There are 2 protein chains.
Amino acid sequence: MITKQQTPSFLPLYEQIKRLITRSLSDGEWQPGAMIPSEMALARRYGVSQGTVRKAINELVAENMLVRRQGRGTFVATHTDDGTSYRFLHLRNLAGEQAYPQSDFIGFGRGKADAAVARRLGVRSGSALVQIQRILNLSGNAVVYDDIRLPAALLKGISSAMVEEHVNAYRGTLYSLYETQYQIRIISAEERIRATLADARVAGLLGVMEGMPLLAIERVAFTYKNQPVEWRMSYVNTENHYYFDELN
Amino acid sequence: MITKQQTPSFLPLYEQIKRLITRSLSDGEWQPGAMIPSEMALARRYGVSQGTVRKAINELVAENMLVRRQGRGTFVATHTDDGTSYRFLHLRNLAGEQAYPQSDFIGFGRGKADAAVARRLGVRSGSALVQIQRILNLSGNAVVYDDIRLPAALLKGISSAMVEEHVNAYRGTLYSLYETQYQIRIISAEERIRATLADARVAGLLGVMEGMPLLAIERVAFTYKNQPVEWRMSYVNTENHYYFDELN
DNA sequence: AAGTGGTCTAGACCACGTA
DNA sequence: ACGTGGTCTAGACCACTTG
């Protein structure tokens, strides 16, 4: 029998199991959308009881890294195909519905990180970035302009055509592109929201008057171990939509 | 021994326990800040095992209705005194710190619910409301103007002097006022955020130019069983602060 | 020392989905 | 029929807090 004392570390067993599972996820042993071994199989593999594996998995489910499906198994969360594709999109129309967005590709390019973006992404100032610009349409109206930047080192071989094809595809999210083409899985994100005025360029893209008040949302998206991967600035026209947040 | 089949409902046992605990909370059997019976005591009281009580409590802790303190006991969450007083305040300064706010009382009054507010509060249009206006200062600057409304029926006997004293008090939050004086405990809230332009009145109160872009945050706060209790509109100057949101 | 929550186990049985 | 996750139990021992 394995007891807590025999383990090298002083962490609770379920915490250690949690980290072992996380490592298998980030190492790619279990791919997005795939089923991981059953609780009993993992218990045997790690030499602990099913209850301990269960507790570890429960916490990973709460963190949206795994998905349980009763009677079928436990699966690696994915940004492709399932209903959770837009779980980071907090915009709703005035009726309170979260309409599915449709993207329009605007531009693709390369540039260097300024100090602010470099700091958020944890890279050196001036390092190479990939940039993507697009419009999000909700209910047929241009509502969001996105300016997106990622370290170029993470997306070797990316091209404008690839991005354009994926962005314009039906329900093609960028996070599913990162996941399927570059083995980068977005787990969490943080957003900083301020109010701003539309400048001439953004006003033109969103079809509003210059000087219109907009939300300016800075988002940093993270992969495993809280490593920042993507930075974006979103400008949102809130005439017919709002940002929705639940507080607990 | 009690088995699942003997229970009148088909809900899992821990769900039933959860509801029984929630009822004791909303009935006031256990007051805010007080310790609830130990897991073993509750297990005996409800005729289930400790593990089942534990699971029920775990979920209530995740919903911020209870707080565990190892070695001491499990306590009813409160908006008074402990460090969670401002857990709904998502504003940070540009350095990323969540400074503690200081409130300035602006006004108190009574009015009638318009259609929009009545809908959010689940009351009839035209029913009596209490209104409170105040300014929140962060790091010494007026950053937020709040216009707050509650059904008058919930706050019988409230007076301008009571509110003014409480609002201006050191770290006196309105939610602790509701809790201590009116037995209303705020459990959760939802916020709808839009961008707007400062009108002359709000600009004057916040000390900014008319036409400055502001966040307009509509908040509805709920007590037990998702019953809406308070509506407020906050206007936020985001020159030196931002709204921070974590996505999972 | 006593009481509390925190961890872990072993085993039973149920509910669900697939073959 | 079988395998999966979901619930529930009983009991052991640990870690922390207070008297």
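Chain naming here is simple, since letters A, B, ... match the order of the sequence lines and numbering starts at 1 in each. The structure presented is a predicted model; accordingly, all values stated were derived computationally and were not measured.
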Q: Check the distance between dT7(D)'s P and Gln50(B)'s CD and give it to me in whole angstrom.
A: 18 Å
Q) What integer distance in Å separates Met40(B):CE from dG11(D):P? A) 10 Å
Q | NZ/NE/NH1/NH2 to OD/OE distance under 4.0 Å, Arg219(A) and Glu191(A) | A | yes
Q. dG6(C) P sits how many Å from Leu66(B) CG, rounded?
A. 12 Å
Q) From the list dT9(D), dC8(C), dT7(D), which nucleotide is the closest neighbour of the side chain of Lys55(B)? A) dT7(D)
Q | Listed partners of Arg194(B) passing side-chain hydrogen bond (donor to acceptor under 3.5 Å, both in side chains), at least two apart | A | none
**Q.** Counterpart residues, side chain to side chain contact (heavy atoms under 4.5 Å, CB included), relative to Ser139(A) (two or more places apart)
**A.** Asn93(A), Ala99(A), His241(A)
Q: Please list, chain by chain and in numerical order, all residues satisfying salt bridge (charged side-chain N to carboxylate O under 4.0 Å, His left out) with Arg87(B), sequence neighbours excluded.
A: none
Using the 3.5 Å cut-off, write out each protein N or O paired with an N or O of nucleotides 17-19 of chain D and the distance between them.
none

Please list every donor-acceptor pair under 3.5 Å in which a side-chain atom of residues 33-40 of chain A meets a protein atom from a residue at least two apart or in another chain.
from     : atom 1 : to       : atom 2 : distance (Å)
Ser38(A) : OG     : Ala41(A) : N      : 3.2
Glu39(A) : OE1    : Gln50(A) : NE2    : 2.8
Glu39(A) : OE1    : Arg54(A) : NH1    : 3.2
Glu39(A) : OE2    : Arg54(A) : NH1    : 2.7
Glu39(A) : OE2    : Arg68(A) : NH1    : 2.8
Glu39(A) : OE2    : Arg68(A) : NH2    : 3.4

Q. Side chain of Arg54(B): nearest nucleotide among dG6(C), dT9(C), dG5(D)?
A. dG6(C)
Q: Return the value, rounded to whole Å, for the distance between atom CD of Gln16(A) and atom C1' of dC8(C).
A: 13 Å
Q. Rounding to a whole Å, what distance do you find between Leu60(A):CG and dG5(D):P?
A. 14 Å
Q. Partners of Arg44(B) by salt bridge (charged side-chain N to carboxylate O under 4.0 Å, His left out), sequence neighbours excluded?
A. none
Q) With respect to the side chain of Glu39(A), which nucleotide from dT9(C), dG5(C), dG6(D) is positioned closest? A) dG6(D)
Q.
I need the minimum non-hydrogen distance between Tyr14(A) and Glu59(A), along with the two atoms involved.
A. CE1-OE2, 3.6 Å
(Q) What is the distance, to the nearest angstrom, from the CZ atom on Arg44(B) to the C1' atom on dT4(C)? (A) 13 Å
Q: Check whether any side-chain N or O of Ser49(B) sits under 4.0 Å from OP1 or OP2 of dA10(D), and answer yes or no.
A: no
Q | Any Tyr14(A) side-chain nitrogen or oxygen under 4.0 Å from OP1 or OP2 of dT7(C) | A | yes
Q.
As a test of reading the structure: which of dC8(D), dT9(D), dG5(C) is closest to the side chain of Arg68(B), going by heavy atoms?
A. dG5(C)
Q | Rounded distance in Å - CG (Leu42(B)) to P (dG3(C)) | A | 17 Å
Q) Which nucleotide sits closest to the side chain of Thr52(A): dC8(D), dG6(D), dC8(C)? A) dC8(C)
Q: Provide, to the nearest angstrom, the distance between the CZ atom belonging to Phe75(A) and the C1' atom belonging to dC16(C).
A: 13 Å
